[in-house]
Enquirer: 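So that we are looking at the same thing, I have put the structure below in structure tokens.
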Amino acid sequence: MNRASTGDSDVEPRWLTEEEQRVWRSYLHATTLFEDHLDRQLQRDAGMPHIYYGLLVQLSQAPRRRRRMTELAIDAKITRSRLSHAIARLEKNGWVRREDCPSDRRGQNAVLTDEGFEVLKRAAPGHVEAVRHAIFDRLTPEQVRQLGEIMQVMAEGLQPHDTCADLPWLR
């Protein structure tokens with residue numbers, strides 16, 4: 001840990017260079033536009049926001065199409081409260097149901113219903129086309145490889161390794 005991260009105010013911050021500032025702003029702009037693009041596409045084509053689609057995908061890939069609510073919150077990087085609200089909306093649509101967890105009386109599983117699985121199957125082609133159009137059709141194969149490497153380095157550097165970290169999705 002460097003001194004600047006410990007709160008010492010006498011250490012000069014490592015300000016971004018002009019090039020780093022340009023890249024940072026481009027990154028923020030592109031990721032904001034991308035999330036908006038995916039949200040609009042999924043709202044238009046499937047009547048759900050991107051976060052709900054992600055939850056349905058997680059459930060579809062889980063054994064017996066069920067996951068513990070806590071695991072869903074951690075993987076989606078959302079608070080348990082926000083997850084509970086999202087699952088309630090998905091339940092109202094008939095796409096998900098909750099079940100008590102047999103191994104933990106306090107825990108609950110979210111289960112993807114057959115109807116939810118069908119909704120996901122209908123939404124997936126439009127979603128993948130939106131992703132392809134926004135990213136992969138615009139990049140060369142070399143840029144795709146580089147982007148993958150960059151994102152992996154960033155994710156590895158940001159992934160908390162401390163199970164006691166104060167993260168919203170762990171509360």
Side-chain angles (χ1 to χ4, degrees), residues 24-139 144 147-148 150-152 154-171:
W24 171 239
R25 288 181 179 157
S26 293
Y27 170 82
L28 287 177
H29 188 65
T31 56
T32 300
L33 289 171
F34 183 56
E35 278 297 319
D36 180 64
H37 175 70
L38 294 180
D39 260 343
R40 284 185 290 114
Q41 177 272 318
L42 284 165
Q43 285 288 359
R44 180 184 65 243
D45 296 351
M48 73 177 92
H50 189 219
I51 187 75
Y52 291 12
Y53 180 86
L55 294 171
L56 295 179
V57 168
Q58 281 193 57
L59 291 172
S60 76
Q61 296 173 342
R64 297 181 16 231
R65 299 192 319 212
R66 67 183 21 85
R67 296 224 32 219
R68 286 190 53 127
M69 295 280 284
T70 303
E71 293 170 1
L72 275 175
I74 290 169
D75 287 349
K77 305 294 185 257
I78 59 175
T79 63
R80 292 179 193 168
S81 172
R82 185 171 179 206
L83 175 68
S84 184
H85 175 73
I87 294 296
R89 296 289 303 271
L90 293 169
E91 279 182 302
K92 185 177 176 185
N93 291 342
W95 302 345
V96 170
R97 73 175 182 274
R98 293 181 214 220
E99 293 179 349
D100 290 333
C101 180
S103 62
D104 178 1
R105 289 181 188 245
R106 296 179 304 150
Q108 283 194 315
N109 290 324
V111 181
L112 181 64
T113 65
D114 290 341
E115 183 181 351
F117 189 68
E118 288 304 314
V119 166
L120 183 60
K121 281 178 25 180
R122 287 191 306 271
H127 179 67
V128 76
E129 185 56 35
V131 170
R132 180 166 294 292
H133 175 73
I135 297 178
F136 299 104
D137 290 350
R138 298 173 186 275
L139 302 176
V144 170
L147 180 62
I150 291 166
M151 293 296 106
Q152 185 164 349
M154 288 175 61
E156 287 171 358
L158 293 170
Q159 183 65 42
H161 299 288
D162 179 3
T163 57
C164 298
D166 185 26
L167 301 169
W169 49 89
L170 296 179
R171 291 186 202 134

Enquirer: Enter the distance from Leu120:CG to Tyr53:OH here, rounded to the nearest 0.5 Å.
Expert: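 The CG atom of Leu120 sits 5.0 Å away from the OH atom of Tyr53.
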Enquirer: State, without any angle test, whether Arg67 and Gln58 hold a side-chain donor-acceptor pair at a distance under 3.5 Å.
Expert: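 Note: Arg67 and Gln58 side chains meet the donor-acceptor criterion.
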Enquirer: Salt bridge or not for Glu99 and Arg97, using N-O below 4.0 Å?
Expert: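 Salt bridge between Glu99 and Arg97, a charged N being under 4.0 Å from a carboxylate O: yes.
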Enquirer: Might you point out which heavy atoms bring Pro49 and Gln43 nearest each other, and give the distance in Å?
Expert: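 For Pro49 and Gln43, the tightest heavy-atom pair comes out as N-NE2, 3.4 Å.
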Enquirer: Looking at CH2 of Trp95 and CZ of Arg89, how far apart are the two atoms once the value is rounded to the nearest 0.5 Å?
Expert: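 The distance works out to 9.5 Å.
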Enquirer: Do Leu59 and Val111 touch side chain to side chain, with heavy atoms closer than 4.5 Å?
Expert: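 No; the side chains remain at least 4.5 Å from each other.
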Enquirer: Step through the shown structure and confirm whether more than 12 heavy atoms of other residues, nucleotides or ligands are within 6.0 Å of CZ on Arg44.
Expert: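 Enclosed: over 12 neighbouring heavy atoms sit under 6.0 Å from CZ of Arg44.
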Enquirer: Output the distance between atom CZ (Arg98) and atom OG (Ser84), rounded to the nearest 0.5 Å.
Expert: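 The distance works out to 4.0 Å.
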Enquirer: Is any side-chain heavy atom of Leu33 closer than 4.5 Å to one of Asp36?
Expert: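 Side-chain contact under 4.5 Å: no.
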Enquirer: Are the side chains of Leu56 and Met48 in touch, meaning some heavy atoms are under 4.5 Å apart?
Expert: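 Yes, at least one pair of side-chain atoms sits under 4.5 Å.
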Enquirer: Under a 4.0 Å N-O cut-off, is there an ion pair linking Glu129 with Arg132?
Expert: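 Not counted as a salt bridge, because no side-chain N and carboxylate O are separated by less than 4.0 Å.
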Enquirer: Is Asp114 salt-bridged to Arg65, going by a charged N under 4.0 Å from an acidic O?
Expert: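 Salt bridge present between Asp114 and Arg65.
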Enquirer: Evaluate the side-chain contact (heavy atoms from CB on, under 4.5 Å) criterion for residues Ile51 and Ile78: first the C-alpha distance (whole Å), next the side-chain angles of each, then the deciding distance (0.1 Å), finally the verdict.
Expert: CA-CA 9 Å; Ile51 187 75; Ile78 59 175; 3.9 Å; yes
Enquirer: Rounded at 0.5 Å granularity, tell me how far CD1 in Ile87 sits from CE in Met69.
Expert: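 Answer rounded to 0.5 Å: 5.0 Å.
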Enquirer: Work out which heavy atom in Leu38 is nearest to a heavy atom in Ala130; give both atom names and the distance.
Expert: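 Shortest heavy-atom separation between Leu38 and Ala130 comes out as CD2-CB, 4.1 Å.
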Enquirer: Tell me, do His50 and Glu35 make a side-chain contact under 4.5 Å, heavy atoms counted?
Expert: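 In short, these two side chains touch, coming nearer than 4.5 Å.
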Enquirer: Drop me the distance from Asn109's CG to Asp100's CG, to the nearest 0.5 angstrom.
Expert: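 Nearest 0.5 Å value for the CG-CG distance: 8.5 Å.
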Enquirer: Any idea which heavy atoms bring Leu42 and Ala123 closest together, and the distance?
Expert: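 Scanning both residues completely, I find the closest heavy atoms to be CD2-CB, 4.4 Å.
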Enquirer: With the side chain counted from C-beta on, respond yes when Leu139 and Leu147 share a heavy-atom pair under 4.5 Å apart, and no when they do not.
Expert: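 Of all side-chain heavy-atom pairs linking Leu147 with Leu139, at least one is under 4.5 Å.
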Enquirer: Would you call Tyr27 and Thr31 a side-chain contact if the rule is heavy atoms closer than 4.5 Å?
Expert: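 Yes - at least one pair of side-chain heavy atoms lies under 4.5 Å apart.
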Enquirer: Between Arg138 and Ala134, which heavy-atom pair has the shortest distance, and what is it?
Expert: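 Result for this residue pair: CD-O, 3.2 Å.
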Enquirer: Can you tell me how far CG of Leu83 sits from CG of Leu55, rounded to the nearest 0.5 angstrom?
Expert: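 Result: 6.0 Å between the selected atoms.
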